[in-house]
Amino acid sequence: MNQPPSKWQPSWRERLLDPSDRTLAVLLLAPAFALLALIVAYPILRLIWNSGFELRLSGGSVARFVGLQNYADLLQDREFWSALGNTLLITAITVPGALVVGMGLALLANLPFKRRWPVRLALLLPWALPLSFVGLIFAWFFHTDYGIVNDLLVRLGMKEPPMWLLDRGLGLAAICIAIIWKTSSFMALILLAGLQMIPRSLYEAAEVDGASRWQQFWQITVPMLMPSIVVALIFRTITALQTFDIPFTMTRGGPGHTTETLAMLIHKTTIDYLDVGYGSTQAVAMFLISLCVTAAYLRRIGKE
Amino acid sequence: MAAIELRQVRKSYDGRVPIIHGIDLEVRQGEFVVFVGPSGCGKSTLLRMIAGLETISGGEILIDGEVVNERPPRARDIAMVFQDYALYPHKTLFENMAFGLRLRKTPEAEVQRRVGEVAALLRIEHMLQRKPRELSGGQRQRVAIGRAIVRQPKVFLFDEPLSNLDAQLRNEMRAEIKRLHQRLGATIVYVTHDQTEAMTLADRICVLQGGHKMQFDTPEAVYNRPAAQFVAGFTGAPPMNLLRCTVQDGQAELGQGVRLALPANLRGHSGTQVLGVRPENLTLEPRPDADLQLQGRLSLIEPLGAETLLTVQVGEHELVARVGADFHGQSGQALTLHLASAQLHLFDANDGRALRSA
Amino acid sequence: MAAIELRQVRKSYDGRVPIIHGIDLEVRQGEFVVFVGPSGCGKSTLLRMIAGLETISGGEILIDGEVVNERPPRARDIAMVFQDYALYPHKTLFENMAFGLRLRKTPEAEVQRRVGEVAALLRIEHMLQRKPRELSGGQRQRVAIGRAIVRQPKVFLFDEPLSNLDAQLRNEMRAEIKRLHQRLGATIVYVTHDQTEAMTLADRICVLQGGHKMQFDTPEAVYNRPAAQFVAGFTGAPPMNLLRCTVQDGQAELGQGVRLALPANLRGHSGTQVLGVRPENLTLEPRPDADLQLQGRLSLIEPLGAETLLTVQVGEHELVARVGADFHGQSGQALTLHLASAQLHLFDANDGRALRSA
Amino acid sequence: MTGNSLDRWFESPALRRLAAALVVINGFFPALWVLLTSLKSEAELVQQPISYLPQNPSLANYARAFADQPLLSYLGNSFIVAGLATLGSLLVATGAAYAIARLNLRHRQLVLTAIVASSMFPLVTLLVPIFETMRVLGLLNTYTALVLPYVVLNLPVCTLVLVSFFQSIPRDLENAALIDGCTRIGALVKVVLPLAAPGLFTAGILAFVNAWDEFLLALSLNASAGMRTVPVGITLYQGEFAFPWPIISAALVVAIVPVAVLIALFQERVVGGLTQGGLKG
Amino acid sequence: EVRLRVFVGGSNQRPDLMRKLFDQYLADKPGLTIDIETGGATSDLQRQYLSTVLNARDNALDAFLIDIVNPAQYFQAGWLEPLDAHLGPADQLLAPYLAVYREANVVQGRVAALPAFADALFMYYRRDLLDKHGLPQPRTWEELGRVARQVQQAEGNPKLQGLSLQGAPVEGAVCTFLLPYWSQGKAVQDPQGRSVFDAAAAARGLQQWVTLMDQGVIKRNVAEVKTPDTVNEFKAGKVLFALNWSWAWDRFEQDADSQVRGKVGVMPLPAMTGGQSATCTGGWQWAVSAFSRHKAEAARLVQFLSTPEASRFLAVRGALLPTYAELYTHPEVVAQVPWFADAAAVVRHARSRPVSARYGEVSDALRSATNAVLARSRQPADAAADVESRLRRVMR
Ligand SMILES: Nc1ncnc2c1ncn2[C@@H]1O[C@H](COP(=O)(O)OP(=O)(O)OP(=O)(O)O)[C@@H](O)[C@H]1O
Ligand SMILES: Nc1ncnc2c1ncn2[C@@H]1O[C@H](COP(=O)(O)OP(=O)(O)OP(=O)(O)O)[C@@H](O)[C@H]1O
Ligand SMILES: [Mg+2]
Ligand SMILES: [Mg+2]
């Protein structure tokens, strides 16, 4: 009936359609890596290359190779350290902040509501709102005169409500709130997925073992969520280190440069100052920092 | 005083059709009770209600004489072993077992001692520092049991603890649980749908079907005096042969002219009934007590090594007989099956009730 | 010509220690061969090498006389039934079964006819439009088998097809597979670790251990003349009692002064050996062929309904005896076990080889 | 079945409703604010105390939003770009994820890390080189110019989702297909992909939303009027000297609605897809 | 067959009017087509876009509009085609324009761009309120403070802002910084472009704003005020004096929701006490890309776009300020936009922000200093010192 040919002689067409595992792997990975090379690797190499030059377009200067001079300058650059400090501060606040808020949202969204879609939609909406507009909206919320926050404070009886965006501390707080609001959503999404994979029987076992709700949360939920938490943290940390749109729209780095982040500084150096060499240096530095942080995470996962 | 008592316990999941229809049950102190029944009959639900993991829709559950309807699981002093073990994947075996003790603020020395003892009992001392995923199924099961034992609760609940294990391991663990029970003298309620487990482990078996208690008796009684056709068909491997027949004048007419005389205690019923006979009660050789015979034709031979299963076509019915390993014959040959009228069972064709002297 | 032939087949996963150590095997046309062995012994690996799902590290596999080492699975004209069914969840039953035919560009009418026939054979005609998730385990298993049959391949491969089913269903499906084999006359290689399946289904059983072929023979031979201690301990439920002993002058010394006379064909060996006797060969009553006796003390009684398992302490050994359901006794009582020297087995304590007339 | 230790804390319906309200308010409030603003007049925005509900709700701002800028054309471009980017991301990520999950790659972890690490470079800094690349390839002001970087942008998360998804599909299903007569690629297309549909779906939505929202690249690479996407288009309502919040809000509402509808329709699948695949490290 | 692509930024550059000009130009030029490209509504976004395109040496754009602060920067980056190469020597080419535009567009003796339309910071005020309370137009910032407080008290409206200006770190804050500094007779750079920054004067200037804030004339959160905020608040009748660009006039007088229609006046900017009035120019220039493949054609187009006729067209049709002095009194213009008469004086006295190849850094230094002071996060003197050191580095 289905007699195969007595000798197994695949046609060229069949061979083409049936590559070996290794060839197939190469074929399947090729597009991804081609794109990465084009969109990421080449630009990064360009940046690294540029960072070795004095390349100030508006200085009318021709590119002049300066070796590591740009990096040496970077170490002396107060603005860079201040931006780095702000970036790290924002990261240090918003990453745990988003984790806590996201966890809360995920736990609440995981309750067996009768009608689940409004909750789910509410959970996902912040994530779907374009980042640059989130900044605008929150800048509006925190506006001294016309913002909702101060309006509420006044209604609560405050005479002179704070000028949120005109103070480094309050400004950073407002920025962090906006960032946490925006990013806790995706965090919650990942955690919610993680939550749903914890077998109910573990809670039942703990219940029988005598654990209270609180103990169950710390002894079961948190450790079981750890893989999801780590994934979420990695993504969140990488994006936190790149924070740009929200402070850019909310405070523009003001007052002075006190709320400027690294990405804003790099943007300013490259686009406003047209200082490509130094901007590239700052970008490479930022990349190295991201790399260190991620490596630290990965090390930790490796240990688990 | 009963260790566990169920009084007219009912359950329905929020407003839907009831799952458990008013069950009364008493489990004595130190008794090993097994719930058996087909999938979906409500075994787990009942067990979980005892544990406090499901709310009780009606009736009362008493543990040690106290109504516990409103108590959360942790206040019931029970331990439970789950089908999928439900070990905490992120804790070591030691911590898995110690968890319940720690929650009760047991002094560390005591924790060490008790976990150590139980681990020794279950032969898992050498792997206390491992995580559950580094264990085989049988080892995990042991840890799950250890976790239950270590707390020394009033009552143990087991929900199909062996069903994820392979046959060999299942046998071993079964013996282990039996030994544990004898040793600890604990009160145990055990859910399974494996009848070998039920038969070997139970002091008493509670057979459930569709949320009803069908029979609650010793394994011997359940096996030899099934209270209902359902129970008869559920026990024994292979299970009892059940033959629809018409009973009249103390004779069961099996169709195609095959008749069997009923013993005295089964007479007095008439109409359509179901006649039952266990495979091991059908023999090829005459024996002193075998006062009846059936002629048939051999349709399938399954040698199992220690014994052989024969499927025999008798009239329109197929009967399975369980004979010695030394059987030699071949498919299609004619056979005479000998059976004793005293080993016949009769069930009402409508409601499945076992019929005895009318 | 052999349907399948394995010549010195070896396997190691990229550079690691070998899993299969040079196995030779011939499966005859139309034969039902079962691979048994404990978990991890390489049964699945071997089967998957035949299927072409694993590369072959050494040796040759022939199907229908042709070396197929280099052929992809689809060119081997085989069908396989997987442990977890591996039905395509997104296709209807019909499409699940038709998939292989469609890939071979079978005309639609032919597809309809063949799927219809097979569905009828397996009694699943009425659910052909359902998706696999709407089926019970047994039904799924049937579809998986149907998918294999419908292609009418040269060889069927089954990898523990019944191990996910509950006991009752397992029995049913086992009989069904047996019937199918008789009807289709197909060549089947079947992997299981359930010995009941192996015993009832196989024309020949291949017992594997640690990647080695231990015995390849009929079920009867494997059960009654195990070629190795491992095989003896693996077959039978409960398995053969294996007792370490010192043999001298045709006598096996079991320790604590317990001695057994060996039959003529087992004499001539001496030193430390392992003596084997099957539980069903130990009886409480004397019988004509039982020329030996052992005194012991009853330590555990497990009534199974149709029979009872007794664990008896004899000297320093624990023996399991399989006796009738009518046994009445109690733990701790003294017993005499009767056995026939002709039913004794003797194994080399070092390499486990069965010892016969030297 | 899934569990949540909070279940019983929130047994009371009142508490549970409160919890739901909390989540809903947190999530909806800013969007709701935008919606309300879009119904107000510009003068209303500089009132003190601020007015919460529009005093004279009107749809005039929507009319302006569509009249002042070719909003429909922006929407069209956004759909095309986001749609193509989604398809592209899925295509590329599927290939990569399958290779990582299934084919016995020697350096799988390294490959995966390389893909994830690609997201560690802030886009802001890559802008100029990317622009240059696109210019050299002659792709500026084409859909491709945005689609390619968006695919890369989405690659890490799509690949992670799909890898765990592929890993959750039993290998024997593929084996069954091989035995039934498929080639490796055939098995991928006919069996694995249909089964990974929920994962593809999840990854697809993630990719779509990301692409829909992207601003910086869209601004720089596709500046010509005919190729603008919505986020870029929306900024055009503002001027150096004017920031017409109500009109911008109206446009913003128009821009959010498609994504919100998408999410509302498929929220179960977004979450479910992540769950089933188990987004793990 | 030549196809020119011209970048016209956002709506404030009036692409609609530019299109009409292009069409006029194209009327007698068969074979030539012009496509308009817009992108980025604010000068920030436009700068972002142009930087990206030009950085990549892209030839997609042939000509574009740039802000008055950019010619030097872009020219020295090598992005702009010197127009004198196509249209004749610099002095000739730029002679007819207002002086500030002449200066801004000549870089290193070459013509970097040609003026398209002018702009300047104006002092808008509520004529009705000053009239009502019989108060004069203030001449100095101090006086402005007094006047404002009198009106605030008389109106009994503490919410009425005396003065609204731009304190957010946007380009407008550069002017906010420069206005009081300039009015003390100080300059930022010498003719060679070197820094001659006077930190003390700068501190005094900043202090002036702080004083006005302390007096409640400037609102306390002025550091978050951007250009449109001033417009909106003035329009809503909440501001007495407002600094803003010419463009705001239309919004005050023509917007449907304007509360101040017919009540607005324009006056010369107040000075620091003892100084003289000074304001800031804005405005846009036409430049030709150095990477264009049709430089000659683009240069001719640009020449057309910066003729008096074109400027008049923009003035009449779009109320865009002319770059030619005489147009301010041109009958057609005056008929259409009467207030240009007042504007002429302001524009003529307007000064250009520092011309520097590194204007980006200059701007950042000034605006962030202003913002920091107005947010009260830095003392005027400290901020001025920061600016000084920064400018010394940048403007060598
Ligand atoms: N949470 C639930 N909501 C609604 N119905 C349920 C729920 N849990 C179980 N049921 C139903 O209750 C019945 C009894 O379920 P239960 O789990 O007790 O059966 P079981 O006897 O343990 O079966 P099995 O042997 O398959 O475990 C079933 O019909 C099941 O569908
Ligand atoms: N992909 C693999 N890579 C490395 N080792 C493997 C792989 N698959 C199986 N093995 C090893 O090969 C040995 C044999 O495995 P195999 O699956 O054939 O056993 P089996 O006899 O089928 O066992 P079971 O009864 O548990 O299915 C085991 O030790 C297993 O750990
Ligand atoms: Mg159950
Ligand atoms: Mg296997």
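Model, not experiment: these values are computed from the prediction. We use all heavy atoms of the structure for the numbers below, so side chains are in, but hydrogens, waters and symmetry mates are not. Quick note on labels: first sequence line is chain A, next is B, and so on, each numbered from 1.
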Worksheet entry | CG on B:L304 to CD on C:Q195, rounded to 0.5 Å | 9.0 Å
Worksheet item: Does any heavy atom of chain B fall under 4.5 Å from the side chain of C:L300, the backbone, both, or neither of them?
Response: side chain
Fill in: Top contributor to chain B interface from C:P219, C:P303, C:A198, C:A175 [non-hydrogen pairs under 4.5 Å]
C:P303
Worksheet item: About how many Å separate CG of C:L309 and CE of B:M199, when rounded to the nearest 0.5 Å?
Response: 11.0 Å
Worksheet item: Looking at OG1 of B:T311 and NZ of C:K178, how far apart are the two atoms once the value is rounded to the nearest 0.5 Å?
Response: 10.5 Å
Worksheet item: Can you tell me how far CD1 of C:I301 sits from OG1 of B:T200, rounded to the nearest 0.5 angstrom?
Response: 13.0 Å
Worksheet entry | chain B contact via C:E307 - side chain, backbone, both or neither, heavy atoms under 4.5 Å | side chain
Discussion item. Give me the atom names and distance for the closest heavy-atom approach of C:G305 to B:Y223.
Written reply: C-CE2, 3.2 Å
Worksheet item: Using a cut-off of under 4.5 Å for heavy-atom pairs, which of C:R179, C:E197, C:R174, C:R278 has the most such pairs with chain B?
Response: C:R174
Worksheet item: Measuring heavy-atom distances to chain B, does C:E220 have an atom under 4.5 Å in its side chain, in its backbone, in both, or in neither?
Response: neither
Discussion item. Can you tell me if B:R130 has over 12 outside heavy atoms packed within less than 6.0 Å of its CZ?
Written reply: yes
Response to the item:
Distance col, row C:T196:OG1 vs B:E302:CD, nearest 0.5 angstrom, shows 10.0 Å
